[in-house]
There are 2 protein chains.
Amino acid sequence: MGNNNLCSTHILRQAKISNTKVRKSILEFLMKNHGPFSIDEIHEKISTCDSTTVYRCIKKFEKCKIVERCDFGDNISRYEYKCSEHHHHIMCRNCNRIDTVKYCFVKEMEKVLIQQGYKEVSHKLEFFGICQDCQNSNTNSEN
Amino acid sequence: MGNNNLCSTHILRQAKISNTKVRKSILEFLMKNHGPFSIDEIHEKISTCDSTTVYRCIKKFEKCKIVERCDFGDNISRYEYKCSEHHHHIMCRNCNRIDTVKYCFVKEMEKVLIQQGYKEVSHKLEFFGICQDCQNSNTNSEN
DNA sequence: CGAAAAAATGCAATTTAATTGCATTTTTTA
DNA sequence: TAAAAAATGCAATTAAATTGCATTTTTTCG
């Protein structure tokens with residue numbers, strides 16, 4: 001088996017999680033292919049395992065920061081291999097096609113997207129952090 | 001009944017949708033209170049109607065651009081009255097408290113949030129538009 | 001290496017946000 | 001004010017995601 005196998009194995013080892021056949025398949029699929037994928041899309045490619053297992057693997061990957069979740073507001077979570085360069089996405093409101101956006105200042109980015117041929121461009125931006133109340137009280141709801 | 005009632009009635013009329021008791025209650029609640037709310041939260045306040053009706057009203061409001069949907073990646077849609085000034089949100093990763101963010105350049109904004117006392121600040125930014133394929137073919141999946 | 005411990009998997013069942021169908025009620029039209 | 005159109009309540013359904021548990025695979029460590 002080739003380089004990719006070694007690579008995925010290495011990543012799993014480094015994350016200190018079990019190096020199973022299913023995890024390797026999922027990780028290799030995500031590493032070889034661009035763009036965020038839904039659980040269903042991943043499951044279709046990794047046809048050898050149950051979809052529950054995909055859910056569990058991806059959840060583990062997310063916790064280990066191997067993948068990142070993207071939300072496009074259609075109640076379907078999509079996941080992407082967390083590669084080096086910071087980027088965003090654009091989804092067509094009509095066909096749901098997802099493209100990569102490499103620029104990073106909101107208004108500027110929208111202009112570039114319009115130049116690229118997209119129309120009716122808008123964006124969703126949400127922030128996450130730990131608020132002061134939570135910093136003071138030590139209650140932490142993460143498991 | 002006071003000014004708020006007139007106001008919500010006017011908005012519904014302007015949107016050319018029926019001016020019902022339930023819709024007025026929901027709209028007035030959203031107009032009086034800041035921050036995006038889940039269907040459950042709205043339903044608890046508008047205790048006189050079925051939750052299905054809240055879903056349907058909010059969907060209608062969204063279509064008429066009276067409210068805007070926010071996604072924080074927890075599989076719960078939240079809705080906010082679409083007031084004049086452009087802004088974003090920050091949700092505490094621990095307690096899910098949601099605050100308003102009035103600034104608008106990503107990295108700058110993160111700095112301001114950190115100055116405001118938030119820690120471990122990150123953001124999610126997704127774009128939406130109509131891609132060239134969809135502009136060319138006239139298939140439109142919206143109903 | 002090989003047995004014990006730990007972790008992952010498959011399958012079935014469950015949870016929960018959201019949607020749909022349909023009879024009834026309310027609102028709008030004219 | 002009567003007819004038409006739209007909204008509502010309730011029950012049932014859909015679909016993404018989660019959980020429990022028996023079985024299998026992987027890891028640990030003597």
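Numbered from 1 within each chain, the chains take letters A, B, ... in sequence-line order.
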**Request:** Starting from C1' on dA7(D), measure out to NZ on Lys24(B) and report it in whole angstrom.
**Result:** 14 Å
**Item:** Phosphate-side-chain proximity, Ser18(B) and dT28(C), N/O vs OP1/OP2 below 4.0 Å
**Value:** no
**Message:** Rounded to whole Å, please give me the gap between CD1 in Ile17(B) and C1' in dT8(D).
**Reply:** 14 Å
**Request:** Name all residues meeting the ring-ring contact (aromatic ring centres under 6.0 Å, His included) criterion together with Phe37(A); count only those two or more places apart in sequence or in a different chain, and write none if there are none.
**Result:** Phe29(A)
**Prompt:** Which sits closer to the 5' end of DNA chain C, Asn75(B) or Cys57(A), going by the nucleotide each is nearest to?
**Reply:** Cys57(A)
**Request:** Take atom CD1 of Ile42(A) and atom P of dT9(C), then tell me their distance rounded to the nearest Å.
**Result:** 14 Å
**Item:** Assigned partner base of dA23(C), Watson-Crick or wobble definition, under 3.5 Å
**Value:** dT8(D)
**Prompt:** Starting at the 5' end of DNA chain D, which residue's closest nucleotide do you reach first, Asp50(B) or Asn19(A)?
**Reply:** Asp50(B)
**Asked** Looking across every strand, which nucleic acid part, if any, lies under 4.0 Å from Thr52(A) by heavy atom: base, sugar-phosphate, or nothing?
**Response** base
**Prompt:** Where is the tightest heavy-atom contact between Ser77(A) and Asp71(A), given as atom of each residue plus distance?
**Reply:** OG-OD1, 3.9 Å
**Prompt:** Which is true for Ser77(A) with a 4.0 Å heavy-atom rule: it touches a base, it touches only sugar-phosphate, or it touches nothing?
**Reply:** sugar-phosphate
**Request:** Check Ile58(B) against Val67(B) and note the closest heavy-atom contact, atom names and distance.
**Result:** O-CG2, 3.9 Å
**Message:** Measure CZ/Phe61(A) against C1'/dT9(C) and give the value in whole Å, please.
**Reply:** 14 Å
**Interatomic distance, Arg56(A) CZ vs dT19(D) C1' [rounded to whole Å]** = 8 Å
**Asked** Leu12(B) CG to dT26(C) P: how many Å, rounded?
**Response** 18 Å
**Request:** Measure from NZ on Lys60(A) to P on dA8(C) and round the result to the nearest Å.
**Result:** 4 Å
**Request:** Take atom CZ of Arg78(B) and atom P of dA17(C), then tell me their distance rounded to the nearest Å.
**Result:** 11 Å
**Fill in**
Assert: residue with more 5' nearest nucleotide on DNA chain D, out of Lys21(A) and Val54(B), is Val54(B)
**Message:** What contact category does Thr20(A) fall into here, base, sugar-phosphate, or nothing, at under 4.0 angstrom with non-hydrogen atoms?
**Reply:** sugar-phosphate
**Asked** Taking OP1 and OP2 of dT18(D), is either one under 4.0 Å from a side-chain nitrogen or oxygen of Tyr55(A)?
**Response** no
**Item:** Minimum heavy-atom distance between Ile26(A) and Val54(A), given as atom pair plus value
**Value:** CD1-CA, 4.1 Å
**Request:** Please work out if Arg23(A) contacts a base, only the sugar-phosphate, or nothing of the nucleic acid, heavy-atom cut-off 4.0 Å.
**Result:** sugar-phosphate
**Asked** Does a side chain donor of either Asp99(A) or Tyr118(A) reach within less than 3.5 Å of an acceptor in the other side chain?
**Response** yes
**Request:** Please determine if a side-chain N or O atom of Lys59(A) lies less than 4.0 Å away from the OP1 or OP2 oxygen of dT18(D).
**Result:** yes
